[in-house]
Asker: 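Below is the structure I would like to discuss, written out as structure tokens.
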Amino acid sequence: MTQASAPGRRLFLALWPDTAVRAELARLARRLTPEHVPAANLHLTLVFLGFTPPDREAGYRAALDGLRPVPFTLELDRLGCFRGPRVLWLGPSVTPPALTALVGELQRRLAACAHEPDPRPYAAHVTLARRFSGTAPSYPLPSPIRWPAARIVLAESRSQPGGVRYEPLADWPVGL
Ligand code: 2AM
């Protein structure tokens, strides 16, 4: 007898780009490598929540109720590679204090729902490519991408035949 898998979905919180920023990120990724991720998948992870049963998801949503992040702008000017997963990423050489504070606040709120924070220090990055076979171009990027934070999204990561897709489930505006 096969056992049904427990219900739940793979979730994360991310800064979601608007159309213009997404287009800029996608243009850069396409220019850098044919192994770029689909434009629709571009985002900046804030907190990875992992596999989440429905009751836990409801708790997370309640804990994030009334979130009012302070506005900030990312200057994405630095390319790098995570060697193990062969990820090519774009990030800020200076992480805005408001972004660090936001990730801290999210972690505090989620800890109340027994979320276990990632023990690694937060590294703000946008994944531009996976299974990247090249060498990251030299730092700094000639023309940084400016990203005024506008929207935080609770997203689901779905594995599909064509590859992984990220589906926004809920969002919170920044600075309203
Ligand atoms: P990435 O930010 O390096 O691309 C959805 O899977 C998002 O959550 C992706 O952005 C992904 O990595 C990030 N992610 C996936 N697994 C993770 C993990 N175990 N720890 C932290 N972030 C993870």
Side-chain angles (χ1 to χ4, degrees), residues 5-6 8-18 21-22 24-30 32-53 56-57 60-61 63-64 69 72 74-93 95-96 99-100 102-111 113-137 139 141 145 147 149-172 174:
S5 57
R9 34 194 188 179
R10 185 177 158 89
L11 302 178
F12 61 101
L13 289 163
L15 215 54
W16 219 246
D18 66 13
V21 172
R22 184 178 297 285
E24 271 197 85
L25 293 168
R27 216 167 16 247
L28 173 67
R30 273 200 310 271
L32 291 173
T33 172
E35 292 141 339
H36 62 83
V37 302
N41 278 7
L42 292 162
H43 67 275
L44 182 134
T45 298
L46 297 168
V47 179
F48 180 68
L49 298 165
F51 179 80
T52 308
R56 176 68 71 96
E57 181 182 332
Y60 288 160
R61 285 172 181 254
L64 296 171
F72 60 91
L74 280 165
E75 294 277 345
L76 300 171
D77 59 354
R78 189 177 164 208
L79 291 160
C81 272
F82 294 145
R83 291 260 151 241
R86 287 187 288 145
V87 159
L88 172 68
W89 54 259
L90 174 68
S93 48
T95 301
L99 171 57
T100 308
L102 169 61
V103 171
E105 180 176 357
L106 294 172
Q107 295 286 11
R108 268 192 305 282
R109 287 176 178 240
L110 296 165
C113 309
H115 170 68
E116 287 187 25
D118 191 333
R120 297 170 299 184
Y122 179 65
H125 68 278
V126 179
T127 293
L128 298 181
R130 298 183 192 281
R131 291 176 285 284
F132 176 61
S133 53
T135 308
Y139 162 90
L141 202 64
I145 293 179
W147 180 350
R151 188 177 171 219
I152 292 168
V153 157
L154 171 67
E156 178 184 6
S157 172
R158 288 190 189 158
S159 290
Q160 295 179 343
V164 71
R165 287 285 172 205
Y166 304 133
E167 181 72 30
L169 303 174
D171 62 0
W172 296 262
V174 177

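In listed order, ligands and their atoms are each counted from 1.
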Asker: Please list the nearest protein heavy atom to atom 14 (N) of ligand 1 with its residue and the distance rounded to 0.1 Å.
Answerer: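 Sorting protein heavy atoms by distance from atom 14 (N) of ligand 1 puts Phe48 CD1, 3.4 Å first.
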Asker: Measure the distance from atom 3 (O) of ligand 1 to every protein heavy atom, then report the residue, atom name and distance (to 0.1 Å) of the closest one.
Answerer: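 For this ligand atom, the closest protein heavy atom is His125 NE2, 2.7 Å.
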Asker: Looking at atom 4 (O) of ligand 1, what's its closest protein heavy atom, distance included?
Answerer: Thr127 OG1, 2.6 Å
Asker: For atom 20 (N) of ligand 1, what's the nearest protein heavy-atom neighbour? Residue, atom name and distance, please.
Answerer: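 Atom 20 (N) of ligand 1 sits closest to the protein heavy atom Arg120 NH2, 3.4 Å.
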Asker: Would you say Asn41's side chain and Val164's backbone share a donor-acceptor pair under 3.5 angstrom?
Answerer: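 Present.
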Asker: Quick one, Glu57 with Arg9, criterion salt bridge (Lys or Arg N to Asp or Glu O under 4.0 Å). Give me CA distance, side-chain angles, the key distance, then yes/no.
Answerer: CA-CA 9 Å; Glu57 181 182 332; Arg9 34 194 188 179; 3.0 Å; yes
Asker: Under the side chain to side chain donor-acceptor pair (under 3.5 Å) definition, can you give me all pairs with a residue in residues 117-129, not counting sequence neighbours?
Answerer: Asp118-Arg120
Asker: Taking the six-membered ring of Trp16 as reference, does the NZ or CZ atom of Arg22 fall below 6.0 Å from its centre and within a 45° cone about the axis?
Answerer: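 Cation-pi check for Arg22 and Trp16: passes.
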Asker: Counting N and O atoms only, with roles assigned by atom type, does the side chain of Arg151 sit under 3.5 Å from a partner on the main chain of Asp18, one being a donor and the other an acceptor?
Answerer: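 Not confirmed, Arg151 side chain does not pair with Asp18 backbone.
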Asker: Just need the protein heavy atom nearest to atom 7 (C) of ligand 1, so name the residue and atom and give the distance.
Answerer: Thr45 OG1, 3.6 Å
Asker: Which residues satisfy the side-chain hydrogen bond (donor to acceptor under 3.5 Å, both in side chains) test with Glu167, sequence neighbours excluded?
Answerer: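 Counting only residues at least two positions away or on another chain, Glu167 forms no side-chain hydrogen bond (donor to acceptor under 3.5 Å, both in side chains).
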Asker: Looking only at protein heavy atoms, which one is nearest to atom 12 (O) of ligand 1, and what is the separation?
Answerer: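 Checked against all protein heavy atoms, atom 12 (O) of ligand 1 sits closest to Arg130 NH2, 4.2 Å.
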Asker: Consider ligand 1: state whether an atom of it lies below 4.0 angstrom from any non-hydrogen atom of Tyr166.
Answerer: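 Distance cut 4.0 Å: Tyr166 passes for ligand 1.
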